[in-house]
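Below: one structure, written as structure tokens.
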Protein chains: 2
Amino acid sequence: MLLHPLFAQLERHAPLTPAERQALTDLVTAPRRFAAGVDLVQDGDRPRECRVLLTGQAFRHKTLADGRRQISAFHVPGDVLDIPGLFMSLDHGVCALTACEVAVLPHSRLQAAFQAHPNLALAFWSISLIEAAIFREWMLGIGRRTAYARVAHLFCEMILRLRAMGLSDGVRAPFPVTQQHLSDALGLSAVHTNRVLQQLRGQGLLSFSGGELVVMDWPGLQAAGEFDAAYLHT
Amino acid sequence: MLLHPLFAQLERHAPLTPAERQALTDLVTAPRRFAAGVDLVQDGDRPRECRVLLTGQAFRHKTLADGRRQISAFHVPGDVLDIPGLFMSLDHGVCALTACEVAVLPHSRLQAAFQAHPNLALAFWSISLIEAAIFREWMLGIGRRTAYARVAHLFCEMILRLRAMGLSDGVRAPFPVTQQHLSDALGLSAVHTNRVLQQLRGQGLLSFSGGELVVMDWPGLQAAGEFDAAYLHT
DNA sequence: CGAACAGTTGATCAGGATCAACTCGAGTGG
DNA sequence: CCACTCGAGTTGATCCTGATCAACTGTTCG
């Protein structure tokens, strides 16, 4: 049951057959452990394997020469960290937020499994499309929403995604990011993120400290973030 | 040779076999024509077919209730407009910028072709991943680049993508968008976009009017946009 | 004990938004 | 044929969201 988080992601649209599950189980190598802050996936790399996050959290980022950084995704268990690496070299890095356990699926054996079980390829494709849908929603937020709505929206998303993986009850969730991480994800400065957080706290919508998010007023938070979960395709 | 633009996109990583090309040719129905301004793909739709842009240009957008709009992509011939529709309902619309010709690939027959030619599915998957890479680059721009760099960067991208489809010589390219379209793609106001364009023109980097982009100083434009084409994976 | 980092606060600044008005075609209909 | 409208582009004036700079607190950790 090592790959259980991955199966949960892959089965969001259609269940896998026992044979498909077995094929994945057969090809995975021993999971690797990484410490917080380590790069799980390197920018510019042309990987020979797919990494799947089993435990812990991570984030995807592009960083410019002068240090400006954009975080394009936060990753929860079950997420495949480098699907693009199946086809091309990576144009971004993935960095561990916490200690992480990562399953490794060698490309050669994964591609063989795709040949033997075409639906497996479709399932991986499908989760890469959901990730793209999240990118579009983030673009909408960064481009067109206020800082206040952006922060609220991100917290709504993370609560739901973590709940889908059994890591949250919908009220409290582990989200071990600094305010700087939030800023880099939302296109804000750290100072302004801090002030928006104080607003959200002051309105009794949530608390966020020590890497834990607690939603105290879910309808209020959704409204503040103009949040509609349709784009998550759960 | 109706599908020639699609083949050009699909073959960016590996050539298709004659059998694979034939399979696509066999399943395409008569192309449809659309007028400028018409929605080619409707938000919320759950399509039964894939649409491929053959001629003309289009853009992908999410629009909020109050009219704020984020354009998440501009599409050139050969682009598949609704790959996510293979797996899920669409969370955005695609609108024609010009009169367009669109090829229609029914899902049922496309899926059969994927079964018969697994590499076809991989090729479609691959172009959906390139699109996601572009999304990430746009996020970086909207979140972390100045308005000036954003505008320059977008023009660099469009010149290269249009050139890859044989629609530009690398100097001049058809790009029939209004300044409002640019603003909605870049997360700016129309007024500010106008002023940035004047700057870029004033520095002799480009001219942009009547739906035509002319690059007068390519190195200068690249520098202004902090542009590195790696993310296009050409 | 001292670094180093995350968070917080205040003061100031600026990039870009907003509002409003005007120009300039390109239709379009009387 | 002209008046009218409408959309796109342009300009100026003003405002404001959020950036920047700097200092300070608290905590953790070596």
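All values below were derived from every heavy atom in this structure, side-chain atoms included, with hydrogens, water molecules and symmetry-related copies excluded.
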Sugar-phosphate, base or nothing in reach of Ser209(A), heavy atoms under 4.0 Å: nothing
Phosphate-side-chain proximity, Arg201(A) and dT8(C), N/O vs OP1/OP2 below 4.0 Å: yes
Phosphate contact (dT8(C) OP1 or OP2) by Gln179(A) side-chain N/O below 4.0 Å: yes
Electrostatic pair Lys62(B):Glu137(A) at N-O distance under 4.0 angstrom: yes
Presence of donor-acceptor pair under 3.5 Å, side chain of Arg195(A) and base of dG10(C): yes
Glu131(A)/Arg136(A) salt bridge by N-O under 4.0 Å criterion: no
Arg33(A) CZ: over 12 foreign heavy atoms closer than 6.0 Å: no
Arg144(A) backbone acceptor or donor facing Arg68(B) side chain under 3.5 Å: yes
Rounded interatomic separation in angstrom, taking NE2 from His192(B) and C1' from dT17(D): 14 Å
Between P of dG7(C) and NE2 of His181(A), the distance in whole Å: 10 Å
Interatomic distance, Tyr148(B) OH vs dA14(C) C1' [rounded to whole Å]: 18 Å
Sugar-phosphate only, base, or nothing, as touched by Ser189(A) at under 4.0 Å among non-hydrogen atoms: base
Any Gln198(B) side-chain nitrogen or oxygen under 4.0 Å from OP1 or OP2 of dT11(D): yes
Sugar-phosphate, base or nothing in reach of Gly187(A), heavy atoms under 4.0 Å: sugar-phosphate
Salt bridge Glu226(A)-Arg150(A), side-chain N to carboxylate O under 4.0 Å: no
Whole-Å gap separating C1' (dG9(D)) and CG (Leu200(B)): 16 Å
Val191(A), nearest nucleotide to its side chain (from dG10(C), dG16(C), dG7(C)): dG10(C)
Atom-pair distance (CG on Leu197(A); P on dG18(D)), nearest Å: 14 Å
Phosphate OP1/OP2 of dT20(D) contacted by Arg68(A) side-chain N/O (<4.0 Å): no
Sugar-phosphate only, base, or nothing, as touched by Leu188(A) at under 4.0 Å among non-hydrogen atoms: sugar-phosphate
Gln199(A) CD to dG18(D) C1', straight-line distance once rounded to whole Å: 12 Å
Distance below 4.0 Å between Asn194(B) side-chain N/O and dT10(D) OP1 or OP2: yes
Between P of dA17(C) and CG of Asp184(B), the distance in whole Å: 11 Å
Between dA6(C) (P) and Leu182(A) (CG): distance, integer Å: 12 Å
